[in-house]
Novice: 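I have a structure I would like to understand better, so I am pasting it below and will then ask my questions one at a time.
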Amino acid sequence: MLSHTMPPAAENQGRQPTEGHGVQVIARAAQLLRALDSEPHGLSLSQLAERVGLPRSTVQRIVAALADEGFVTAASPTGRVRLGHELARLAAAGRRDLWLELQPLLQRLFDRLNETVDCAVLDGNELRFVDQIPAPHRLRAVSAVGATFPLHCTANGKAVLAEWSNDDIVRRLPARLARFTENTIVSRSKLLEQVAVVREAGVAFDLEEHTAGICAVATTIREPFGTLVAVSVPVPRQRFDGRRTGIAQALLDMRRDAVRTFGGPPK
């Protein structure tokens, strides 16, 4: 459990904090939260202090204040901390707003292709499906909203990986890449080669790498506050052959329209 080692704001008793000091504290709190972003198992206060280059006593005070607000929480009995539920709640609220704004673009993509359109966001080191427009065909690819999927063998996952540096990819992927089909890429070097192609093309492909009989194309959209969303079109193999170029172009056109709406760099 997190606890204060001194009365709140003890070092400021008898004087009012200046505006500049308050801005500095906010900036330091943001540094700490970002340092915890890629650490689902948390960090100790000493590790945090080293990561952001601040004194351990400063980190301890800020972490205690963040814990009081629910932005960080205990990750272990030994004092490690991780991002808290309140931060996740606020992030989810922002994502819901983005999904609502994306709806017209997703619907336009669906109308153009007449195939399932999926929307997913990063959840830890996996992707979580948050919205979907299912295809009207009897034979169709549909995943449950709320389901999570790996990054290394899905089109939307590889589209997200292409947003990271190779060092970040290696650090955040599991030590062993799980094999789901005979087409699953389980070599890190081959995956990084494919991600380099995705960065250049702006779209990623899943050629029966996660589920036999299902292919997919995906791209990413980033809204002004930084939320990254992956949009994918999964298609049964029987209808995919001969359509992959058209699906990829439709996704790139949708991303171009999203850039006009939200801003951000074009692919």
Side-chain angles (χ1 to χ4, degrees), residues 30 33-34 37 87-123 126-136 140-143 145-146 148-149 151 154-166 168-169 172 194-207 215-235 239-240 242-267:
L33 293 173
R34 291 192 185 100
D37 178 43
L87 197 64
R89 187 188 68 79
L90 292 175
R95 287 170 176 171
R96 284 195 295 271
D97 290 342
L98 177 59
W99 306 335
L100 292 175
E101 294 187 57
L102 279 178
Q103 277 294 331
L105 296 176
L106 301 180
Q107 186 63 50
R108 196 180 310 159
L109 182 65
F110 171 80
D111 292 340
R112 177 172 174 176
L113 297 174
N114 204 34
E115 296 289 354
T116 297
V117 174
D118 288 322
C119 184
V121 296
L122 193 63
D123 186 353
E126 295 181 308
L127 278 179
R128 184 175 299 279
F129 279 55
V130 295
D131 201 0
Q132 182 181 81
I133 305 176
R140 61 186 181 180
V142 176
S143 300
V145 171
T148 58
F149 289 85
L151 299 175
T154 56
N156 40 25
K158 286 185 281 186
V160 169
L161 291 180
E163 298 282 340
W164 301 344
S165 69
N166 284 357
D168 282 340
I169 292 173
R172 296 183 68 165
Q194 192 170 108
V195 168
V197 174
V198 175
R199 292 192 186 107
E200 185 70 24
V203 291
F205 293 91
D206 167 4
L207 304 178
C215 299
V217 192
T219 193
T220 54
I221 297 170
R222 190 182 294 277
E223 51 86 60
F225 296 102
T227 302
L228 187 67
V229 173
V231 177
S232 59
V233 178
V235 182
R239 292 199 302 274
F240 186 77
R243 296 194 66 195
R244 59 183 288 173
T245 301
I247 295 171
Q249 188 58 56
L251 279 161
L252 289 173
D253 291 345
M254 183 214 65
R255 190 185 190 282
R256 180 199 62 213
D257 293 341
V259 168
R260 291 173 179 168
T261 301
F262 304 115
K267 286 287 187 183

Novice: Looking only at heavy atoms, which two atoms of Ala204 and Ala155 are closest? And how far apart?
Specialist: CB-O, 3.2 Å

Novice: Calculate, to the nearest 0.5 Å, the distance between atoms CZ and CG belonging to Phe129 and Asn156 respectively.
Specialist: 4.5 Å

Novice: In the structure I gave you, are the side-chain heavy atoms of Arg244 and Leu207 within less than 4.5 Å of one another anywhere?
Specialist: yes

Novice: Looking only at non-hydrogen atoms, find the nearest pair between Val229 and Cys119 and report the distance.
Specialist: CG1-SG, 3.2 Å

Novice: Return the set of residues passing side chain to side chain contact (heavy atoms under 4.5 Å, CB included) with Gln194 (not counting sequence neighbours), or none when no residue passes.
Specialist: Lys158, Ile185, Glu209

Novice: If we only count heavy atoms from C-beta on, is the Glu163 to Leu122 side-chain gap below 4.5 Å?
Specialist: no

Novice: Taking all heavy atoms of Ala230 and all of Val160, pick out the closest pair and write down the distance.
Specialist: CB-CG2, 4.1 Å

Novice: What are the two closest heavy atoms between Thr116 and Ala135, and how far apart are they?
Specialist: OG1-N, 2.9 Å

Novice: For the atom pair CD (Glu115) and OG (Ser232), what is the distance rounded to the nearest 0.5 Å?
Specialist: 12.0 Å

Novice: May I ask you to decide if Val203's main-chain N or O and Thr219's side chain share a donor-acceptor pair within less than 3.5 Å?
Specialist: no

Novice: Just so I know, are the side chains of Leu127 and Leu151 near enough to count as touching, which here means a heavy-atom distance under 4.5 Å?
Specialist: yes

Novice: Which atom pair, heavy atoms only, marks the closest approach of Ala162 to Val198?
Specialist: CB-CG1, 3.6 Å

Novice: Would you say Phe149 and Asp206 make side-chain contact, with heavy atoms under 4.5 Å?
Specialist: no

Novice: Taking all heavy atoms of Ala216 and all of Pro234, pick out the closest pair and write down the distance.
Specialist: CB-CA, 3.7 Å

Novice: State which residues pass side chain to side chain contact (heavy atoms under 4.5 Å, CB included) with Ser165; sequence neighbours excluded, sorted by chain then number.
Specialist: Asp167, Asp168

Novice: Side-chain donor-acceptor pairs under 3.5 Å in residues 105-114, sequence neighbours left out?
Specialist:
{"from": "Gln107", "atom 1": "NE2", "to": "Asp111", "atom 2": "OD1", "distance (Å)": "3.0"}
{"from": "Arg108", "atom 1": "NH1", "to": "Asp257", "atom 2": "OD2", "distance (Å)": "3.3"}
{"from": "Arg112", "atom 1": "NH1", "to": "Asp253", "atom 2": "OD2", "distance (Å)": "2.8"}
{"from": "Arg112", "atom 1": "NH2", "to": "Asp253", "atom 2": "OD2", "distance (Å)": "3.2"}

Novice: Check for a donor-acceptor pair, side chain of Arg255 on one end and backbone N or O of Ile221 on the other, with a separation under 3.5 Å.
Specialist: no

Novice: Would a 4.5 Å heavy-atom cut-off, applied to side chains only, mark Val195 and Trp164 as touching?
Specialist: no

Novice: Count the heavy atoms belonging to other residues, nucleotides or ligands that lie under 6.0 Å from CZ of Arg34, then report whether that count exceeds 12.
Specialist: no

